[in-house]
Amino acid sequence: MCGILAVHGIDNPAAERPRFLALSKRLRHRGPDWSGCFVGKEGILLHERLAIVGVDTGAQPLVSEDGQIILAVNGEIYNHLALRASVSSTVKFKTHSDCEVIIPLYRKHGKELCNMLDGMFSFVLLDESVTPTRIIAARDPVGITTLYQGWSSRHPGATYFSSELKALVDECDSIISFPPGHVYDSLDQSTTRYFQPTWWDGDAETDPVLPTTPVDYTLLRETLEAAVRKRLMSEVPYGVLLSGGLDSSLIASIAARETEKVAQAQYEIRKRKLAESISGPPTPKSDDLTRQAMLVSWPQLHSFSIGLENSPDLLAARKAAHFLGTVHHEYVFTVQEGLDAIPDVIYHLETYDVTTVRASTPMYLLSRKIKAMGVKMVLSGEGSDEILGGYLYFHAAPDRNSFHQECVRRVKNLHTADCLRANKSTMAWGLEARVPFLDKAFLEVAMNVDAKEKMFAKDANQAVDEDGRPKMEKVSWLVAIAGPGLIQLSFPQYILRKAFDCSPEGKAYLPKSILWRQKEQFSDGVGYSWIDGIKDHAAAFVSDKDFAKREERWPVDTPDTKEAYYIREIFDGLFPSEAAAKTAVRWIPRGDWGCSSDPSGRSVSIHNAAYETD
């Protein structure tokens with residue numbers, strides 16, 4: 001991923017170049033490898049590059065051979081080789097960048113090209129072959145990458161785009177988070193949704209589209225494996241974020257298997273080159289480019305985890321890494337180090353959401369350590385909880401329809417929370433996070449599974465499935481929100497656990513203690529005293545007098561705790577405009593399901609109960 005900034009619809013853009021170069025510099029942490037700028041007839045495109053694919057030749061903005069189409073992209077296009085093959089053989093590519101294929105696709109398909117892309121991306125394309133010049137901008141289907149759109153009353157008619165808010169706050173007085181799965185076209189000033197999966201209307205209040213497909217464990221597993229495989233497209237060292245929880249451990253397990261295949265492929269290519277050095281090279285084959293493009297320069301998988309001393313995540317990650325045979329790196333942070341980082345974390349996150357700040361701080365600290373090792377890309381496990389209803393509060397869903405509707409809503413809003421965290425916490429240090437669970441094909445499979453297969457069933461009889469696996473958690477307590485006498489609840493993400501509870505070629509994906517581990521929210525798993533430490537710090541920082549007047553200060557999105565007050569005050573100090581505040585969205589569990597407003601997993605009664613039982 002990279003950083004992009006664009007403006008379209010301004011007079012004399014050449015005169016504005018120095019100012020926009022200064023604004024683009026605010027994004028340089030996202031792309032420390034190179035900076036690029038294109039000044040057109042009515043607009044400017046700027047790019048801060050993090051080089052991962054096409055390292056030697058992929059500097060941006062990319063310009064077509066005739067100089068008429070200019071492109072700035074933040075992201076990765078995983079199917080770029082297939083797309084290159086699909087365009088006319090007369091097209092001459094100037095670089096090895098996975099993004100350059102967007103230019104010929106635009107010439108052939110216009111803005112309909114967005115549906116053809118398989119990847120994570122935000123891009124701005126300037127077409128100077130038409131009068132007036134045309135600009136289109138698009139964001140990936142779920143919003144894995146970040147993109148903001150802004151307008152300025154000082155420059156009516158101008159439209160701005162940026163990977164981060166900080167490049168727009170001094171320029172624009174109206175800013176939105178550009179909606180995922182949409183494309184903007186200056187030709188008619190329209191913003192339309194191009195991403196229309198079968199599950200999209202599952203959260204409709206009236207006549208929702210509810211899935212009835214039984215779970216296919218093999219399909220679920222193989223689709224996720226394919227999602228991981230395509231995300232290993234890299235020319236630089238990569239690794240995996242490993243918390244020891246289900247989601248990150250499965251991604252690490254698949255990546256470890258695929259990396260072994262890559263190492264073998266590299267060995268075979270070295271043998272071939274040695275033979276060629278003796279006998280001369282053979283006629284090139286059509287699959288040579290594919291093979292080389294998929295190879296990485298660090299074939300042994302490295303894993304990374306962070307936590308407080310003896311935290312649940314560190315202990316579980318250590319066990320998972322040992323089982324998988326990764327080169328494991330473990331980082332311990334203190335509560336004070338986390339507290340010291342919070343202002344910087346909020347600056348990079350550009351939100352005042354409590355959940356996001358809590359979870360992002362350890363991720364931000366870990367990303368700095370990873371980048372210092374020379375790693376530019378990591379795989380991460382975001383998205384699984386939303387897709388499969390893995391958050392502990394989903395226990396409270398009253399019925400299958402409500403469960404599925406909440407899954408759809410959470411997936412649609414990932415760009416405001418987990419995707420934002422994964423993107424900005426890592427890109428603060430020029431580290432790219434890729435999220436296989438949010439693969440379009442995997443979403444299509446998992447979101448169309450009948451919700452009753454995902455639900456935490458209330459059943460007092462069946463504690464194990466037909467294979468003896470713990471389909472139910474035994475809890476000797478009463479669920480207040482569901483009624484007395486319900487003594488067992490099914491495992492969160494049971495269908496995912498079950499799909500990978502197998503041993504292809506005699507090798508299990510994960511040890512049972514990890515595959516069937518109790519669910520932790522990331523901000524809890526790094527160490528329970530982390531959240532307690534933030535709360536205590538905020539309590540000392542925010543006076544009772546100030547807290548009592550919080551509604552006067554913030555009549556909209558009023559903080560409901562001293563922790564939220566503390567975070568909001570830092571945010572306002574960094575981004576004082578009303579336009580900036582309007583882009584933030586708070587992550588709150590379902591109060592109408594009887595859930596606590598505190599998003600910590602420990603505030604859900606089943607979490608504690610699972611640890612209190614025998």
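Just the heavy atoms: all of them, side chains too, but no hydrogens, waters or symmetry mates, feed the values below.
- Because its NZ or CZ atom is both nearer than 6.0 Å to the ring centre of W200 and within 45° of the ring axis, K412 counts as a cation-pi partner of that residue.
- Expressed to the nearest 0.5 Å, how far CD of E382 lies from CG of L241 amounts to 7.5 Å.
- Within the model, atoms CG of D344 and CG of L365 stand 9.5 Å from one another, a figure rounded to the nearest 0.5 Å.
- For N12, the CG atom sits in a packed shell: over 12 heavy atoms of surrounding residues, nucleotides or ligands are nearer than 6.0 Å.
- The aromatic ring centres of F178 and Y148 sit 6.0 Å or more apart.
- Here the straight-line distance linking atom CG of D203 with atom CZ of R410 works out to 12.0 Å at 0.5 Å rounding.
- Residues satisfying the salt bridge (charged side-chain N to carboxylate O under 4.0 Å, His left out) test with E444, not counting sequence neighbours, are none.
- Summarising the local packing, NZ of K582 is surrounded by 12 or fewer heavy atoms from other residues, nucleotides or ligands at distances under 6.0 Å.
- No side-chain heavy atom of T191 sits less than 4.5 Å from a side-chain heavy atom of V183.
- Residues satisfying the salt bridge (charged side-chain N to carboxylate O under 4.0 Å, His left out) test with R221, not counting sequence neighbours, are none.
- No donor-acceptor contact under 3.5 angstrom links the side chains of Y78 and R229, judged on distance only.
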May I have the step-by-step check of side-chain contact (heavy atoms from CB on, under 4.5 Å) for K454 and V449, ending in yes or no?
CA-CA 8 Å; K454 302 179 182 179; V449 172; 4.1 Å; yes
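- Under 3.5 Å, the side chains of S190 and T192 contain no donor-acceptor pair of N or O atoms.
- Judged by distance alone, the side chains of D557 and Y352 do bring a donor and an acceptor atom under 3.5 Å apart.
- A 4.5 Å side-chain heavy-atom check between P211 and H404 finds at least one atom pair inside the cut-off.
- Side chains of E48 and S24: a donor on one and an acceptor on the other come within 3.5 Å.
- How far OG of S177 is from CG of L420: 8.0 Å, rounded to the nearest 0.5 Å.
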May I have the step-by-step check of side-chain contact (heavy atoms from CB on, under 4.5 Å) for I69 and V63, ending in yes or no?
CA-CA 6 Å; I69 309 297; V63 182; over 6 Å; no
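- At a cut-off of 3.5 Å, with distance as the only test, no side-chain donor of E171 or S152 sits close to an acceptor on the other residue.
- Relative orientation of the H348 and Y364 rings is tilted, given thresholds of 30° and 60° on the angle between their planes.
- In this structure, CZ in R368 is found 15.5 Å from CE in M373, a value given to the nearest 0.5 Å.
- For E222, the CD atom counts as densely surrounded, since its 6.0 Å shell holds more than 12 non-hydrogen atoms of other residues, nucleotides or ligands.
- The CD atom of Q189 sits 5.5 Å away from the OG1 atom of T159 when rounded to the nearest 0.5 Å.
- Between E350 and K424 there is a salt bridge, since at least one side-chain N of the basic residue sits less than 4.0 Å from a carboxylate O of the acidic one.
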Check: residues 114-122 side-chain donor-acceptor pairs under 3.5 Å, at least two apart:
| from | atom 1 | to | atom 2 | distance (Å) |
| --- | --- | --- | --- | --- |
| N115 | ND2 | Y194 | O | 3.0 |
| D118 | OD2 | K230 | NZ | 2.7 |
| S122 | OG | T145 | OG1 | 2.6 |

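- Residues L224 and L496 have side chains in contact (heavy-atom distance under 4.5 Å, counting atoms from C-beta outward).
- Summarising the local packing, NZ of K166 is surrounded by more than 12 heavy atoms from other residues, nucleotides or ligands at distances under 6.0 Å.
- Remark: R84 qualifies as a cation-pi partner of F93 under the 6.0 Å distance and 45° angle criteria applied to the six-membered ring.
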Pair V209-T198, side-chain contact (heavy atoms from CB on, under 4.5 Å): steps then yes or no:
CA-CA 8 Å; V209 179; T198 58; over 6 Å; no
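- Ionic pairing of E76 and R434 is present here: one or more N-O contacts between side-chain nitrogen and carboxylate oxygen are shorter than 4.0 angstrom.
- Here D170 pairs with R26 under the salt bridge (charged side-chain N to carboxylate O under 4.0 Å, His left out) rule; sequence neighbours left out.
- The existence of a salt bridge linking D185 and K111 is confirmed by a sub-4.0 Å separation between a basic side-chain nitrogen and an acidic carboxylate oxygen.
- Looking at heavy atoms from C-beta onward, F123 lies in side-chain contact with I136 at the 4.5 angstrom threshold.
- Remark: the E164 side chain and the S162 side chain contain no N/O donor-acceptor pair separated by less than 3.5 Å.
- For the 3.5 Å distance criterion, the side chains of H8 and T133 qualify, holding a donor opposite an acceptor.
- For the side-chain contact (heavy atoms from CB on, under 4.5 Å) test with R231, the passing option among I251, I254, L379 is L379; the others fail.
- Remark: A59 pairs with W34 by the side chain to side chain contact (heavy atoms under 4.5 Å, CB included) rule, at least two apart or across chains.
- Inspection of the R30 and N423 side chains reveals an N or O donor paired with an N or O acceptor under 3.5 Å.
- In terms of the salt bridge (charged side-chain N to carboxylate O under 4.0 Å, His left out) criterion, residue partners of D66 (sequence neighbours excluded) are, by chain and number, R107.
- Residues W587 and N413 have side chains that never bring a donor and an acceptor to within less than 3.5 angstrom of each other.
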